[in-house]
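The structure appears right after this line, and notes come after that.
These numbers come from a predicted model, not from an experiment. Note on naming: letters A, B, ... go to the chains in the order of the sequence lines (proteins, then strands), and numbering restarts at 1 for each one.
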Amino acid sequence: MKEFRDIEEKWQKRWDKDKVFEVDENKKNKCYVLEMFPYPSGSGLHMGHSRNYAIGDVYARFKRLKGFNVLYPMGFDAFGLPAENAAIKEGIHPKEYTDKSIKSFTNQLKALGNSYSWSRVVRTCDVNYYKWNQLLFLKFLEKGLVYRKKAPVNWCEHCGTVLANEQVEQGECWRCHNPVEVKQLEQWFLKITKYADELLKDLKILEGWPEKIKKMQESWIGKSKGVEIKFKIKDGEELKVFTTRPDTLWGVTFMVLAPENPKVMELVKGTEKEKEVKRFIDKVVLEDKYERTAEDTEKEGLFIGKYAINPVNGAEVPIYIANFVVAEYGTGAVMAVPGHDQRDFEFAKKYKIPIKIVIKPKEHELDAEKMMRAFVDVGVVVNSADEFNGMNNLEAIEEIGKYLEKEKFGKRTVEYKLRDWLISRQRYWGTPIPIVYCDKCVAVPLNEKELPIKLPEDIKFDGEGNPLLKKKEFLEVKCPKCKGNGRRETDTMDTFFDSSWYFLRYCDSKNEKEMFSKKKVKYWMPVDQYIGGAEHAVLHLLYARFFVKALRDFGLLNFDEPFLKLFTQGVVYKEGARMSKSRGNVVVQDDMIERYGVDSVRVFLLSLSHPGKTVEWDGKGIEGAYKFMNKVYSLKEKVKIKDNSKDKNVLSKLNLLIKNIESDFENFDFNLVLSKVMGFVNYLYKFRENLSEEVYKESVSKLSIVLSCFAPHVCEELYGEDYVSLADWPQLNSKKIDLELENLENFVSSTISDINNVLKLVKIENPKKITLLVAEEWKYKLYEKVLKEGKGDMKFKVKGKEKESIKLLGMLKKKGLPKFILNQKKELEALESEKEFIEKEFKLKLEIKKDGEKALPGKVQILIE
RNA sequence: GCGGGAGUGCCGGAGUCUGGAAAACGGGACAGCCUCAAGAGCUGUUGGCUUAGUGCCUACGCAGGUUCAAAUCCUGUCUCCCGCACCA
């Protein structure tokens, strides 16, 4: 639509020129609205993106209108694999690819009309940004939060790099969905586990976060309280196990070690079992780890010929190794209680190991022979030490824990599922890790002054491994410590490192001297409203929280959490799958914008459904949004005034609208805002000839302010003075809301239904008398009309509300009721009333939604005889 | 198995917190007006029955319960989507 397109261009240029959305620290209340910054890929923005960014923009614009000093920045998560892969595939440099992508992203975001503060753009691939990554790395190292360790790590062959635990989804690489292998490698880890407890605890203060995301983090951190118990190995040293169920300690009938547990080979060394055990381990370890440890995988194990001694009763139990035990959790060894753990139960059945009952239900006995599954419910301790028998097992967990500590059999501990974060990546397009290796000094961190370590740009991509490995100038350096020959670290940082603090950099993105000015960060942070996808629940959202806590402990920040409120948008699906380039089911925004104008597209995308819900793409509805925008735009031209009979009504509707939508905005109920605004626009449009100039102007002006969040360009045009984007939210004038007017229809119809209900209730076909007692406040004209004039003439032509009045009259008449009159007390009584007294009385409350200031006395009593 | 969420016309979705004419708002379909025509715009219809009434009946996943009154509150149950998953 040409006209809309012209308007868009005009205003986008003006916004840019006048720096309308640029902000500085000032005395106003600040509001930091942030969307997760995008990864700039070569393909354009599709409808999923458009919807997401529209959501953020509506909120930011709303807050701006409400008088906040709104920081709403945009940037690019510009390092990462896809750029590198594109480089290999298409033969262009990742930098070039990224620059190009960022450019096209920027253009498309601008085309969307989003009110970003463009001067603050952050690009993580700029030295100016990533040098601070390097500084941070050194700081982490200094504080003992970074360490290098040889460990079993997740390796994605397809991406040619290791991955963090969080980046493995059901055994597959989060990015390419190829199976992940386990490799023993020496890598850099970030000690996120140090903050495990705080990360868990502080979830409680994140009231503005979706429950779902918090639960996901909670289970990812996976805290469990238990006891570490020492078992002696017969003729050997001791073996520690971790258990959350010390109450079942007397029911232990075997032990199981993870095959990877180094203790295993030590134990069998030189015994006749050695070969067999080795074969078993090799077999199990070769298997895909995810499959092996899936819940429905058949349990397999092997007795290793050794026995352990239960510290509390001296019982000797056989030691097994088995596929279902995870090496990394707890001590990589478990005490098995088949009576009270389903996994142990299955294993015991398979290998014919005895089952011993030590907890039983209150009411009946258990027979270990006949049990079909383990008893895991709450019960009573039996067959254990005398002092615990008869105790409720939950209580026994506590007591036995204490007992074990007292007897020095073990100690109470806490275990987490959370693992340290592996940040090394064997890829080129990322932040170089500021480390030099040297034969003498091992791994030497660089001095701060030597930063930044620039990522060399002049390199060759042959598709084989990390090109940095072949870049001599980069590779060969002097050891900073001994000045001998050293070799630079060629691994780069996980890009989630970049995104863990970018929101801080926005506060002061051009600072050359520091990561950020503490003062500026203090003003803007924390982010008031964060918006992004739920898929980052245990990735970015967890890492960023960790960074903030760590930086706080470095003395750089003075708050505990980066994001006060979080909104997770829904995904746009097409043909049953998430819209994405790789699936080839994208609908790009450009064509649609070209045809209908961007405001229509924005309105359409947000009217579809609640922004938090996933939607299946169906472009048909755009027509409706387009019609709506046309109608809105046509309000620019005032038609001839016939009369001003609707002034009151329109003002009432207008103020009602302003009142109602504010909380909808806060709750992200944008679909509701839009439907309410549409309702108002229809009303205004319908009666535009019956309005005084003032009222019309006021209506259009206020409408354009509230609607500017959704349709900023057309609304700028409509507003006509200054920038609507910087206007003040319209003042609510509650007095103009005419409740009588607004509730008229409601009142009549509900009265009808009340009478109906009452009639049904008392089963009187022809009641002798019906009395309606109406409160003084209900001076509804309609009632007067119906009851004064309504002589049963139902044939006068009426519409709308008045139709209802006919319905009321007719209905009453049909029920055999004669004329009514309205008396001074606003009591309505049947004329031919009997003196007989009322037999039944039903009070029917007619409650109208409260308006906060004045609750209506709305109450009608219907008395029937 | 655990956790989160959802079941309402042909479709997307309001309404549920705070019980009181179910279906706001939008899409789609159908009919009419306007047009040479198309589009746009406007008007109406869109659960069933119907003698066409100002009528009756049925309906908010299913089954119960509370209540004068339930989509809404309570109990049970089914289905679907999403996340985690042998963590001892």
Between [N] atom [atom2] and [X] atom [atom1], what is the distance in whole Å?
X	N	atom1	atom2	result
A/Asn660	B/rC25	CG	P	14 Å
A/Asp377	B/rG1	CG	P	14 Å
A/Leu672	B/rU16	CG	C1'	13 Å
A/Phe670	B/rA24	CZ	C1'	20 Å
A/Gln342	B/rA88	CD	P	15 Å
A/Leu257	B/rC87	CG	C1'	16 Å
A/Arg578	B/rC81	CZ	C1'	14 Å
A/Leu541	B/rC84	CG	P	14 Å

Watson-Crick or G-U wobble partner of [N], both distances under 3.5 Å:
N	value
B/rG83	B/rC2
B/rU75	B/rA63
B/rA31	B/rU43
B/rA37	none
B/rC56	B/rG48
B/rC17	none

(message) Is it the case that over 12 heavy atoms from other parts of the model lie below 6.0 angstrom from the CD atom of A/Glu398?
(response) no

Please give the distance between the [atom1] atoms of [N] and [M] as a whole number of Å.
N	M	atom1	answer
B/rC87	B/rG5	C1'	26 Å
B/rC17	B/rC80	C1'	25 Å
B/rC34	B/rG47	P	28 Å
B/rG12	B/rG28	P	15 Å
B/rG55	B/rU75	C1'	38 Å
B/rG48	B/rC10	C1'	16 Å
B/rU58	B/rG3	P	40 Å

Using the six-membered ring wherever Trp is involved, compare the ring planes of [X] and [Y] and label them parallel, tilted or perpendicular (cut-offs 30° and 60°).
X	Y	answer
A/Tyr633	A/Phe4	perpendicular
A/Tyr351	A/Phe347	tilted
A/Phe668	A/Phe567	parallel
A/His536	A/His540	perpendicular

Selection from [options] that lies nearest to any side-chain heavy atom of [X]:
X	options	answer
A/Lys299	B/rG41, B/rA14, B/rC86	B/rC86
A/Lys212	B/rG4, B/rG26, B/rC87	B/rG4
A/Val334	B/rG13, B/rA88, B/rG28	B/rA88
A/Met678	B/rC86, B/rG41, B/rG26	B/rG26
A/Val325	B/rC87, B/rA88, B/rG27	B/rA88
A/His610	B/rC25, B/rA40, B/rA14	B/rA14
A/Val326	B/rA24, B/rG41, B/rC87	B/rC87
A/Glu295	B/rC86, B/rG4, B/rA88	B/rC86
A/Trp220	B/rC86, B/rA85, B/rG3	B/rA85
A/Lys631	B/rG15, B/rC42, B/rG3	B/rC42

(message) Anti or syn, where syn is a glycosidic angle within 90° of 0; which label fits B/rG28?
(response) anti

(message) Would B/rG65 be called syn or anti here, given the cut-off of 90° from 0?
(response) anti

Below 4.0 angstrom from OP1 or OP2 of [N], is there any side-chain N or O of [X]?
X	N	value
A/Gln170	B/rC84	yes
A/Thr293	B/rC86	yes
A/Tyr329	B/rA88	yes
A/Ser675	B/rG26	no
A/Ser219	B/rC2	no

(request) Grab the two heavy atoms, one from A/Gly251 and one from A/Val337, that are nearest each other, plus how far apart they are. (result) O-CG1, 3.7 Å

(message) How close do A/Ser609 and A/Val615 get, counting heavy atoms only, and between which atoms?
(response) CB-CG1, 3.4 Å

(request) For the residue pair A/Trp220 and A/Glu166, confirm or rule out a side-chain donor-acceptor distance under 3.5 Å. (result) yes

(request) Let me know, please, whether A/Gly679 or A/Leu608 comes out on the 5' side of the other along RNA chain B by nearest nucleotide. (result) A/Leu608

(request) Specify the residue among A/Ser224 and A/Ile622 whose closest nucleotide of RNA chain B lies further upstream toward the 5′ end. (result) A/Ile622

Looking for any heavy atom pair under 4.0 Å, which part of the strands does [X] touch: base, sugar-phosphate only, or nothing?
X	result
A/Ala294	base
A/Gly222	nothing
A/Thr244	sugar-phosphate
A/Asn671	sugar-phosphate
A/Lys215	sugar-phosphate
A/Asn682	sugar-phosphate

(message) Check this for me, if you would: do A/Lys676 and A/Asp664 make a salt bridge, where the nitrogen-to-carboxylate-oxygen distance has to be below 4.0 angstrom?
(response) yes

(request) Mind running salt bridge (Lys or Arg N to Asp or Glu O under 4.0 Å) on A/Arg292 and A/Glu260 for me, showing each step along the way? (result) CA-CA 13 Å; A/Arg292 186 194 114 197; A/Glu260 296 94 336; 2.7 Å; yes

(request) Kindly say whether, by distance alone, the side chain of A/Arg343 makes a donor-acceptor pair under 3.5 Å with the base of B/rA88? (result) yes

